[in-house]
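When a ligand or atom number is given, it counts from 1 through the structure's own listing order. Hydrogens, waters and symmetry mates play no part in the numbers below; they use all other heavy atoms, side chains included.
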Amino acid sequence: MDTPTPDSQRAALEALYAEMRPQSLYPLWEVLHALVTPQPGTAARAWRWDYASAREYLLRAGGMISAEQAERRVLILENPGLAGTSAITNSLYAGLQLILPGEVAPCHRHTQSALRFVMEGEGAHTAVDGERAVMRPFDLVLTPNWQWHDHGNDSASPMIWLDGLDIPTVRFYAASFAERMGGEHPATAAAGDTAARYGRNLRPFLGSAAARRPQAQPLFHYPYAEWRESLGLMARSEMPDTALGHALEFRNPADGGPVMPTISAHVRLLPSGFATRPRRATDGTVFVVVEGSGQALVDGVAHSLAPRDLLVVPSWAELVLEAGSELVLFAYSDRAAQEKLGLFREA
Ligand code: GTQ
């Protein structure tokens with residue numbers, strides 16, 4: 001090869017690229033550093049949603065379209081850096097769902113895994129494979145991959161919860177299947193039946209009729225009253241972790257791991273006046289403020305935190321959480337998936 005001048009080399013390469021392009025062939029050396037980065041990079045941004053204004057738009061939508069007609073009446077919390085993707089992080093989705101008194105969101109199932117975290121209202125339900133979980137504020141309810149679910153509200157007030165799903169993950173793998181039953185699933189068990197069988201370090205004998213729930217994902221209701229008590233006891237008995245505060249992860253009793261294959265969820269308590277050390281992690285995370293106030297510094301930018309506010313922190317952003325009054329947070333991320341793939345890191 002002649003030693004080319006930079007200009008003639010560029011011209012020769014561009015001519016080569018132009019010839020290859022119709023055959024869908026491209027030079028790696030032009031893009032390698034953008035593909036294999038030394039540190040995580042994402043277009044996702046940190047963003048805080050004020051609950052009161054989201055709620056107002058959701059209630060207005062409630063006056064215009066029924067849950068039945070919408071199938072799911074939800075306002076999507078889309079990351080402003082991921083416009084057009086309906087994603088809150090690269091791998092996860094978030095939305096606020098409204099069910100008005102007397103309404104039913106019809107029964108369906110899909111390969112996407114979902115969690116519900118109750119924002120307000122009391123007494124509406126999610127039925128999973130025909131068993132109701134009666135929902136109270138800050139309860140966590142799961143609808144795992146391919147389990148039938150419908151939602152209904154027999155109470156006298158509107159019910160709003162946060163939906164967290166792995167929609168972008170399932171889209172990435174092109175593995176979405178969905179089926180519609182419509183209406184409500186026929187009742188299969190009394191409300192609370194599964195929690196009594198699987199939620200207390202017990203399980204029915206495998207293979208017996210009593211073991212009617214899917215073996216890998218039996219439990220689907222984690223009540224606020226229970227997790228809040230545990231977090232409170234923990235906070236009274238030891239010093240907070242410097243990076244996390246007091247933190248407890250929700251787990252799947254079948255294997256002791258994260259609640260679902262693609263989604264991890266946890267709660268934290270930061271004592272009044274406590275500030276975490278700066279921390280980064282590869283799992284972009286969605287937070288809900290349950291109680292208290294304070295602020296989150298994400299890569300040095302402050303986002304104020306008040307009850308029911310929602311915050312997304314992108315992968316590898318530096319996060320400092322500062323509690324004003326005692327701060328209680330719920331959070332979910334794709335850590336469950338990243339750990340299986342050997343990708344999760346924190347610093
Ligand atoms: O309740 O099943 O926010 O299927 C998005 C997709 C909720 C649901 C969402 C869904 C659901």
Side-chain angles (χ1 to χ4, degrees), residues 47 49 51 54-55 57-59 61-62 64-79 82 84-100 102-121 124-135 139-154 158-185 214 217 220-222 259-263 265 286 288 308 310 312 330 332-334:
W47 194 258
W49 286 265
Y51 179 68
R55 173 186 196 274
Y57 288 118
L58 188 53
L59 289 171
M64 299 176 195
I65 183 167
S66 71
E68 177 81 38
Q69 192 189 3
E71 178 106 9
R72 294 294 184 266
R73 191 204 291 111
V74 177
L75 296 187
I76 298 168
L77 308 179
E78 184 182 76
N79 191 296
L82 303 173
T85 66
S86 302
I88 191 161
T89 68
N90 294 77
S91 60
L92 296 175
Y93 159 102
L96 288 170
Q97 178 160 178
L98 168 67
I99 308 268
L100 291 168
E103 285 191 323
V104 170
C107 190
H108 70 190
R109 65 176 174 179
H110 37 69
T111 49
Q112 288 81 3
S113 298
L115 62 78
R116 328 284 168 186
F117 188 71
V118 179
M119 304 295 290
E120 71 171 81
H125 61 267
T126 290
V128 178
D129 290 334
E131 180 190 330
R132 290 182 176 190
V134 179
M135 296 159 89
D139 282 6
L140 173 65
V141 174
L142 310 180
T143 58
N145 176 337
W146 212 240
Q147 298 188 12
W148 291 108
H149 52 285
D150 49 85
H151 313 290
N153 188 350
D154 302 330
M159 187 94 190
I160 298 176
W161 60 74
L162 176 71
D163 287 325
L165 286 87
D166 58 3
I167 289 173
T169 300
V170 176
R171 178 168 59 201
F172 174 77
Y173 289 111
S176 177
F177 290 90
E179 286 181 356
R180 194 172 190 279
M181 177 182 288
E184 291 179 281
H185 193 293
Q217 292 264 214
F220 55 85
H221 192 185
Y222 300 75
V259 282
M260 292 183 289
T262 48
I263 304 180
V286 180
V288 180
R308 294 186 171 79
L310 300 121
V312 61
F330 166 80
Y332 70 97
S333 79
D334 65 7

Worksheet item: Just by modelled atom types, is the Ile160 backbone N or O under 3.5 Å from a matching donor or acceptor in the Arg55 side chain?
Response: no

Practice prompt. Could you check whether the rings of Phe330 and Phe117 sit parallel, tilted or perpendicular, using 30° and 60° as the cut-offs?
Written response: parallel

Fill in: His151 ring center within less than 6.0 Å of His125 ring center
no

Worksheet item: Distance-only, no hydrogens or angles: does the Gln217 side chain make a donor-acceptor pair with backbone N or O of Val259 under 3.5 Å?
Response: yes

Fill in: Every residue of the protein that comes under 4.0 Å of ligand 1, judged on heavy atoms
Arg72, Val74, Tyr93, Gln97, His108, His110, Arg116, His149, His151, Asp163, Leu165

Worksheet item: Is the backbone N or O of Gly164 less than 3.5 Å from a side-chain atom of Arg116, with the two atoms forming a donor-acceptor pair by type?
Response: no

Discussion item. With a 3.5 Å distance limit and no angle check, can you tell me whether Gln112 reaches the backbone of Leu165 through a side-chain donor-acceptor pair?
Written reply: no

